[in-house]
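Heavy atoms only: backbone and side chains are in, while hydrogens, waters and symmetry mates are out.
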Amino acid sequence: MYIYIDAYKENKKIENKENIYQAFLISRWVWQKKIDIEKILNNDIKKEPMTDEQILEKIKVLNAIFGGEVISND
């Protein structure tokens, strides 16, 4: 069972890097910005699950990198 769990985690890691790379390519085409994709892709994903606050911080960083706006629904 652990082999399947490890394989699933590895596939998710690869899928996440592919999604980030696709977003990078789209940003290069749409906004004509130069982004250091190697720095983003080489950032290893932590082994333990992220907390909600850590996920939010990661999203804010990626949003800032790709030139997004922060819109609050408060």
Side-chain angles (χ1 to χ4, degrees):
M1 185 71 162
Y2 290 111
I3 295 171
Y4 291 112
I5 293 171
D6 289 339
Y8 176 79
K9 287 180 182 179
E10 188 64 30
N11 285 339
K12 278 296 187 182
K13 184 177 179 181
I14 292 169
E15 184 179 308
N16 286 338
K17 284 189 176 190
E18 288 173 350
N19 289 339
I20 291 171
Y21 192 71
Q22 287 175 354
F24 163 73
L25 292 175
I26 290 170
S27 72
R28 292 288 306 256
W29 181 62
V30 173
W31 295 303
Q32 304 289 324
K33 290 187 177 184
K34 292 193 176 195
I35 298 170
D36 186 11
I37 190 66
E38 294 299 322
K39 180 180 176 184
I40 296 169
L41 289 179
N42 289 333
N43 188 7
D44 290 332
I45 298 173
K46 297 178 181 177
K47 296 288 182 184
E48 66 267 356
M50 295 174 71
T51 64
D52 291 341
E53 291 81 19
Q54 290 172 325
I55 293 171
L56 180 61
E57 288 303 314
K58 189 71 162 181
I59 291 170
K60 286 180 181 178
V61 168
L62 289 173
N63 187 37
I65 288 172
F66 291 114
E69 297 179 20
V70 176
I71 299 174
S72 178
N73 291 335
D74 295 333

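- With sequence neighbours excluded, the residues satisfying side chain to side chain contact (heavy atoms under 4.5 Å, CB included) with E53 are T51.
- Scanning for side chain to side chain contact (heavy atoms under 4.5 Å, CB included) contacts around I14 gives E10, E18, with sequence neighbours left out.
- Enclosure of atom CD1 in I5 by more than 12 non-hydrogen atoms of other residues, nucleotides or ligands within 6.0 angstrom is indicated.
- E15 meets the salt bridge (charged side-chain N to carboxylate O under 4.0 Å, His left out) test with K12; sequence neighbours excluded.
- Every residue two or more places apart in sequence or in another chain that forms a side chain to side chain contact (heavy atoms under 4.5 Å, CB included) with L56 is listed here: K60.
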